[in-house]
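All remarks here apply to the structure that follows.
Given the structure is predicted, the values throughout are model-derived calculations rather than measurements.
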Amino acid sequence: MAYLPLANILHHKVRSAISAVGIGLGICMVITLGGLSRGSLNEVADRWEAVRADLIVYPLGWGDNVTLLSGIGLSDRYADLLRQRYPDLIQRVVPVFLWQMKVGGADHLAAGVDPQDWEVLVGNRSLREGRLFDPDNRFATWIEQRLLDPTADDAGDGGAIDAPVEIDTQTEFADPAHDGLELVIDDRLAREGRLAVGDTVRVANHDWTIVGIVPAGGMSRVYLPRRTAQFLFGSGSITRSTLLFVDLRDGLDPDAAARRIRGIGQEVVQLRQYRDMLRRKFAVMFRYVDAVNAIALATAFLFIMNTLYTMVLQRTREIAILKSCGASGWYILRQVLGESLLLTGAGAIFGVSVSLLAAWAIGSFTLYTVTVTPAWIALALLAAFVGAVLSALYPAWAASRVAVVEALTLE
C-alpha cells in the first residue's frame with residue numbers, strides 16, 4: 001500500500017491539480033518577487049560599479065543618500081581643486097550631472113557627462129552603433145563662450161559671468177552647427193522603447209536626437225552632454241554638477257585616500273559602498289516583499305490543510321477499514337503526510353518552472369531584472385516543504401483519531 005497517497009491524489013485529479021497549482025504560485029511569488037526586488041537593485045549597483053573610478057565626491061550633508069542625488073550639487077571648481085591639491089592621489093576627476101528623464105516611456109536617471117569622460121561611465125564599452133554626442137566638443141565650446149568668463153577665478157563663481165545670458169534652447173541648442181540636444185542610450189532601452197539611431201524623442205519639452213546606442217551595463221541607460229544637462233536642469237548655470245567620480249592612482253588604498261580628500265569639506269565615499277547604501281535605502285521594500293511572500297505561502301498551505309482535512313473527512317470509512325486491518329496511527333499519519341509532500345513536490349516543480357519563465361519574460365520584455373539564484377530556489381523549496389509538513393499535521397492527527405466502530409457503522 002506504499003502507493004496509497006499517490007492513488008488518493010490521482011483519484012481526485014482536479015482538486016489535486018488545483019492544490020498543486022496553489023502551492024506552485026506561492027513558490028513562484030517567493031522566487032519572482034524576491035528576485036525582482038533584489039535583482040533590479042543589484043542590477044543598478046552593478047551598473048554603478050562598472051564606472052572606472054574609486055571614489056564618489058558629493059555635497060556635504062547628504063550622508064549616505066548618494067543613491068537619491070540628482071540636479072545641482074557641487075561647483076565644478078571642486079574638480080580643479082582636487083586635481084591641484086591631491087596630484088599624488090588622483091589620476092582623473094569626472095564631473096557628472098544626474099537628472100531624471102523619461103525616455104522610451106520610462107523614467108531613467110540620465111547622466112550628463114563630457115564626451116571625453118564618457119568611457120569612464122560605461123566601463124570602456126564601445127558604441128554598438130551610431131556615434132557619441134558632441135564628439136568634437138563643439139556644443140560645449142559654444143556654450144562656454146556664451147556663459148563663462150575666462151578671466152573669473154576658480155575661487156569665486158567658477159567662471160560664471162555676472163549678467164544672465166538669454167539663450168533660446170529650442171533653436172540655439174538644436175542648431176546643427178553645435179547640436180546639444182543629442183542622446184546616447186543603451187541597447188535594452190533601445191529595444192524596449194523601440195528606439196533607433198536617428199530617432200527624435202520629446203523629453204523635458206525639447207526634441208532630442210538619438211545619435212548612438214551602447215551595450216547595457218554602463219552607469220546609466222541615457223547619456224547626454226553635461227553642459228546641456230547643466231543649463232537645462234540647473235537653472236541656466238553651467239558651473240555646477242551633481243557629483244564627481246575620482247579615479248585614484250594605481251596601488252593606493254581607497255579608504256586612506258577618501259579620508260585625505262575629505263579635507264575639501266565634501267562627502268567622499270568609496271564607489272564599492274554604493275551597493276550597501278542602496279540596499280539600506282530600500283531595506284523597507286525588502287521587508288515588505290518578504291512579508292507578502294510569507295502571506296502568499298501561508299495562504300497556499302492553509303488551502304492545502306483545508307484540502308487534506310476535507311479528504312480525511314470524505315475517507316473516514318476507508319481509514320477505519322485500514323485501522324481494522326491493523327494499520328497504526330503512525331501509518332495513517334504517514335499516508336496523509338505523503339499526500340501533502342506529493343502535492344507540494346508537484347507544486348514546487350510548477351512554481352520553479354513558472355518563476356524561471358517569468359524571470360526570462362521580465363528580463364526580455366521590460367527594463368527590470370529578475371535574478372533567480374540557487375539560494376532563492378532552495379529557500380523557497382525549504383519553506384514549501386516545511387509548510388507541507390505543518391499543513392498535514394492536523395489532518396493527519398484527525399485521521400489517526402478516527403473511531404473504527406463508529407466509522408464502520410456510520411450510514
Side-chain angles (χ1 to χ4, degrees), residues 1-43 285-315 333-396 398-399:
M1 291 188 291
Y3 62 88
L4 189 57
L6 179 59
N8 289 331
I9 289 174
L10 294 178
H11 185 67
H12 301 281
K13 295 183 180 65
V14 175
R15 182 165 58 188
S16 298
I18 293 174
S19 300
V21 168
I23 295 173
L25 292 178
I27 293 173
C28 178
M29 284 188 64
V30 171
I31 297 174
T32 304
L33 287 181
L36 178 61
S37 59
R38 290 167 172 83
S40 293
L41 285 182
N42 285 332
E43 191 263 346
M285 181 188 71
F286 291 151
R287 288 195 290 270
Y288 172 78
V289 169
D290 292 341
V292 170
N293 285 335
I295 293 172
L297 277 180
T299 302
F301 287 111
L302 285 174
F303 179 65
I304 287 294
M305 180 185 293
N306 181 67
T307 299
L308 292 174
Y309 184 65
T310 302
M311 294 170 71
V312 166
L313 293 179
Q314 291 177 342
R315 297 203 306 268
L333 187 148
R334 282 189 289 125
Q335 303 310 305
V336 177
L337 180 59
E339 290 186 41
S340 179
L341 291 175
L342 284 173
L343 290 172
T344 300
I349 294 173
F350 174 77
V352 172
S353 300
V354 172
S355 66
L356 292 173
L357 179 62
W360 171 82
I362 292 172
S364 299
F365 300 106
T366 73
L367 292 174
Y368 297 106
T369 299
V370 180
T371 303
V372 179
T373 63
W376 266 104
I377 293 176
L379 178 63
L381 294 180
L382 176 62
F385 282 98
V386 169
V389 172
L390 294 177
S391 63
L393 289 180
Y394 179 72

To the closest 0.5 Å, what do you measure between CG (L41) and OG1 (T369)? 10.5 Å

Can you name the nearest heavy-atom pair linking A346 to A20, along with the distance? CB-CB, 4.1 Å

If we check side-chain contact (heavy atoms from CB on, under 4.5 Å) with I362, which of these qualifies: L367, L357, T32? T32

Any heavy-atom pair between the side chains of L356 and V372 that's under 4.5 Å? yes

Please determine whether the number of non-hydrogen atoms from other residues, nucleotides or ligands lying under 6.0 Å from atom OH of Y368 exceeds 12. no

Between the side chain of T344 and the main-chain N/O of L341, is any donor-acceptor distance below 3.5 Å? no

Checking side-chain contact (heavy atoms from CB on, under 4.5 Å) between V21 and each of I18, L25, I23, which is the one that passes? L25

d(T366 OG1, L36 CG) to nearest 0.5 Å is 7.5 Å

For the backbone of G34 and the side chain of S37, can you confirm whether one donor and one acceptor N or O come within less than 3.5 Å of each other? yes

Between A380 and I31, which heavy-atom pair has the shortest distance, and what is it? CB-CG1, 3.7 Å

